[in-house]
Amino acid sequence: MKRSILIHPDPRLKKVCAEVPDMSDDLRSLADDMLETMYDAPGIGLAAPQIGILDRMIVLDCAKTDNGEDARPLVMVNPRIVAGSDERNIYEEGCLSIPDQYAEVERPKIVDVEWMDLNGALQRETFDGLWATCVQHEIDHLDGKLFIDHLKPLKRQMITRKMVKLKKELARERG
Ligand code: ZN
């Protein structure tokens with residue numbers, strides 16, 4: 001089932017999310033919903049707080065399916081960065097909770113991530129390039145942090161003002 005995505009500013013997007021104690025069918029069904037919502041948007045990553053669920057869970061798929069790569073939906077429960085490269089990378093980031101706004105963010109180019117999969121097994125993998133940026137962006141969400149929090153205050157305030165305006169417009173449309 002597709003869920004609706006919260007738009008910044010929203011207090012739920014600023015919360016530190018809770019560790020998931022163990023795997024459950026509810027969590028597996030939430031993962032399905034998150035993937036459906038992400039692909040539908042369309043986006044390459046989604047964190048549970050973006051649909052108002054304050055649990056440490058993210059989904060992502062950065063495969064370039066336009067270039068013939070196979071889709072690679074990943075679901076990560078309690079993900080954490082265990083190591084990051086000194087080498088940094090700059091990507092123009094966007095966010096499904098901050099529609100149509102993009103800005104360059106600098107992050108470690110390569111990261112090692114540990115997480116629990118949907119079978120409750122511990123996984124560890126090294127991510128590079130867009131995958132590394134995306135996984136860091138999504139884990140930030142679990143700590144109440146948005147990509148605009150990496151920007152200078154002036155730029156962040158400008159984007160936030162645009163989002164406040166957008167939310168007013170959306171609320172009017174919904175009557
Ligand atoms: Zn985001």
Side-chain angles (χ1 to χ4, degrees), residues 1-20 27 30-65 71-81 84 88-111 113-115 125 127-167 169-170:
M1 183 184 69
K2 213 183 95 186
R3 308 282 192 108
S4 57
I5 298 173
L6 299 178
I7 306 291
H8 164 73
D10 186 297
R12 288 166 287 182
L13 294 173
K14 306 301 291 178
K15 293 275 196 296
V16 175
C17 296
E19 289 271 327
V20 175
L27 220 54
L30 175 63
D32 285 344
D33 286 0
M34 285 174 63
L35 282 168
E36 187 181 340
T37 306
M38 177 189 83
Y39 285 125
D40 179 80
I44 58 172
L46 186 73
Q50 291 181 276
I51 56 165
I53 310 280
L54 302 182
D55 285 333
R56 300 189 78 83
M57 178 149 111
I58 63 173
V59 297
L60 64 160
D61 185 352
C62 302
K64 295 189 171 62
T65 46
R72 194 193 173 207
L74 273 181
V75 178
M76 298 183 178
V77 177
N78 301 333
R80 61 188 190 98
I81 311 276
R88 321 256 304 168
N89 212 358
I90 296 177
Y91 262 104
E92 185 161 76
E93 296 189 22
C95 180
L96 294 175
S97 293
I98 310 176
D100 300 323
Q101 301 298 318
Y102 302 91
E104 287 185 340
V105 178
E106 189 184 308
R107 301 179 188 269
K109 181 177 182 289
I110 301 166
V111 287
V113 182
E114 240 176 41
W115 72 93
E125 191 174 326
F127 295 96
D128 192 351
L130 181 59
W131 282 93
T133 287
C134 184
V135 76
Q136 290 175 84
H137 173 123
E138 300 312 329
I139 292 174
D140 268 359
H141 273 297
L142 304 181
D143 293 315
K145 199 166 177 189
L146 303 171
F147 83 90
I148 57 171
D149 293 321
H150 292 272
L151 309 177
K152 294 207 171 73
L154 208 64
K155 174 96 183 170
R156 178 165 64 239
Q157 285 155 16
M158 197 183 78
I159 292 177
T160 298
R161 274 199 299 272
K162 282 184 185 163
M163 290 302 105
V164 169
K165 212 175 135 205
L166 172 71
K167 286 182 82 171
E169 283 165 14
L170 290 173

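What you see is a predicted model; the values in this text were computed from it and never measured. Sequential numbering from 1 along the given sequence is applied to the chain's residues. Order of appearance sets the numbers: ligands from 1, and atoms from 1 within every ligand.
A salt bridge links R107 with D140: the distance from a Lys NZ or Arg NE/NH1/NH2 to an Asp or Glu carboxylate oxygen falls below 4.0 Å.
Residue K14 places its NZ atom among more than 12 non-hydrogen atoms of other residues, nucleotides or ligands, all under 6.0 Å distant.
Using a 4.5 Å heavy-atom cutoff, the side chains of I44 and L60 are not in contact. A heavy-atom distance below 4.5 Å is not found between the side chains of S4 and I51.
Here the straight-line distance linking atom CZ of R72 with atom CG of D61 works out to 8.5 Å at 0.5 Å rounding. Expressed to the nearest 0.5 Å, how far CG of L74 lies from CD1 of I58 amounts to 8.5 Å.
Excluding waters, the protein N/O/S atoms found under 2.8 Å from the Zn ion (ligand 1) are C95 SG, H137 NE2, H141 NE2.
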